Amino acid sequence: MRCGATSSSLLALLLALTTAAFGGSVLAGVSDARDRAALLATGADARIAGPGEVTPLPAGVAGAVRKVSGVRGVTAVRIERTAELTSGGAGAKGGLTLIGVDPASYARLARQTGLGAFSADVLTPKGTEGAGTGSVLNAVASPGLAERLGRAPRRITSLAGDITVRIAAVRSRTPAAPGADFLLVDAAGLEHSDPTTLLATGAALDAPALRTAVRGAGKGLSVTLRDEQRVALSDAPLQAGAERIYTTAALAGAGYAVLALLLSLLQSAPERAALLARLRTKGLTPRQGRRLLSLDALPQALLSASGGMLAGWATVRLLAPGIDLERLALAGAAGRVPVVGASLRTDVWSLLLPAAGTVLLAWAVAVAQAWWAGRRTSITELRTGGMR
């Protein structure tokens, strides 16, 4: 009978921990996808630009933004979305987004955001003073654009001036234009390099102060915050309902694991108390009794926790191909944010926390049981154990 009850409790714990791990992994994946989408929508923690990002910014905007509380860095870029490359053959033209940047500050921004990190030396090779107008500029391009241009120097026409570029590196994303075919060059090589966009970083930006500073520096400028974009991605009823379902599943799984463990320990409590009483008659001290009951409860808890983590990991791996995490996370933002490419992955904390909680709870219950048994006489415990 004890073996059957133990097997049932182990199975219940496995199912509960698996459910908690799967639900937690889905919730973590949804949160990561929304964080990624918000970052791709802004390129940094805040994005300041004029209408359409085509008009150069007023001269004092960058300085005003740098003075705002919470701002750690400001990167100025010039974005030309109407740039064209001239084909060497038939003379046909193809559109692209040309981005003029300060190599050092922009490379730092790309590294901080994790969007196409590169070394500043790619745009300004060592031993050069910087790009000059009329020279062949090194460029960082998106994969599709790099395939169109090839490795030979190509001519680009834009409102910022006509330039000749050579592809020096390829990156799939970049902060200034995460969802477009882009070409990054040193702004010093452009005839007109006045910035059209500011990308600001800072973990605790003062949003009202930032908007006030931007309004004071120029008219018609927009401020887009990463945190606000993140909140906007969570407003759809479908997303909220699905998120509640997985939250409920994770909490129910954790609660069921706790209940199964408690019932299993309580069922075996009289037998353990009687064993402890017999050993006390042979000289076992209270401290030794607590240690003994703790060690007695841990094997089952460790086995359940290990099995639950393994089952949870396997469940996520097996069901991941059938879970459209991007649709679940960004159902209300289709077409408004770049493709995130999110996929369901095992969340380490969703595996470890329920399993660790199970082991800690088993240990705590065993210690409490040993303490309670120590308050009763050995004769009482022996009678109780004999009656059962």
Side-chain angles (χ1 to χ4, degrees), residues 36 39-44 47 49 53-54 75-199 338-341:
R36 182 73 172 176
L39 176 60
L40 292 177
T42 57
R47 190 183 189 100
E53 297 185 328
V54 296
T75 302
V77 299
R78 183 180 180 92
I79 301 177
E80 291 288 347
R81 301 189 187 278
T82 59
E84 296 179 334
L85 68 95
T86 303
S87 173
K93 294 184 178 181
L96 57 92
T97 298
L98 177 66
I99 307 170
V101 303
D102 172 68
S105 64
Y106 193 84
R108 184 166 53 250
L109 173 67
R111 184 170 58 253
Q112 290 174 352
T113 58
L115 298 177
F118 65 94
S119 172
D121 294 337
V122 172
L123 297 181
T124 54
K126 293 180 179 179
T128 64
E129 293 295 330
T133 56
S135 61
V136 177
L137 303 180
N138 281 358
V140 177
S142 58
L145 188 57
E147 185 177 354
R148 288 163 57 192
L149 267 64
R151 292 292 179 178
R154 299 295 298 272
R155 191 69 175 170
I156 306 294
T157 61
S158 73
L159 296 177
D162 296 349
I163 57 175
T164 302
V165 300
R166 180 189 295 110
I167 304 302
V170 178
R171 298 293 183 271
S172 59
R173 304 276 192 186
T174 196
D181 268 344
F182 62 86
L183 192 68
L184 287 177
V185 297
D186 187 349
L190 299 176
E191 184 178 351
H192 305 289
S193 59
D194 298 336
T196 60
T197 304
L198 296 180
L199 301 174
V339 176
V340 177

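Since the structure is predicted, the reported quantities are computational estimates derived from the model, not experimental observations.
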Roughly how far, to the nearest 0.5 Å, is the [atom2] atom of [Y] from the [atom1] atom of [X]?
X	Y	atom1	atom2	answer
E53	R47	CD	CZ	4.0 Å
E80	L190	CD	CG	8.0 Å
R81	L159	CZ	CG	13.5 Å
L109	T75	CG	OG1	4.5 Å
T113	L39	OG1	CG	5.5 Å
E191	I163	CD	CD1	11.0 Å

Closest contact, heavy atoms only, [X] versus [Y]:
X	Y	value
V136	P153	CG1-CB, 4.4 Å
P195	A76	CB-CB, 3.7 Å
A169	V122	CB-CG1, 3.8 Å
L199	T42	CD2-O, 3.6 Å
A177	I99	CB-CD1, 3.9 Å
R151	I167	NH1-O, 3.0 Å

Within the distance-only criterion (no hydrogens, no angle test), does the side chain of [X] pair as donor or acceptor with the backbone N or O of [Y] below 3.5 angstrom?
X	Y	value
T196	I79	yes
Y106	A176	yes
T197	A49	no
R78	H192	yes

Given the rule in the side chain to side chain contact (heavy atoms under 4.5 Å, CB included) test, do V165 and L149 qualify, once you have shown the distances and angles that lead to the verdict? CA-CA 9 Å; V165 300; L149 267 64; 4.0 Å; yes
Do [X] and [Y] come within less than 4.5 Å of each other through their side chains, counting heavy atoms only?
X	Y	result
V101	L123	yes
D181	R148	yes
I156	L96	yes
R166	N138	yes

Chi angles and distances behind the side chain to side chain contact (heavy atoms under 4.5 Å, CB included) call for R154, T164:
CA-CA 5 Å; R154 299 295 298 272; T164 302; over 6 Å; no
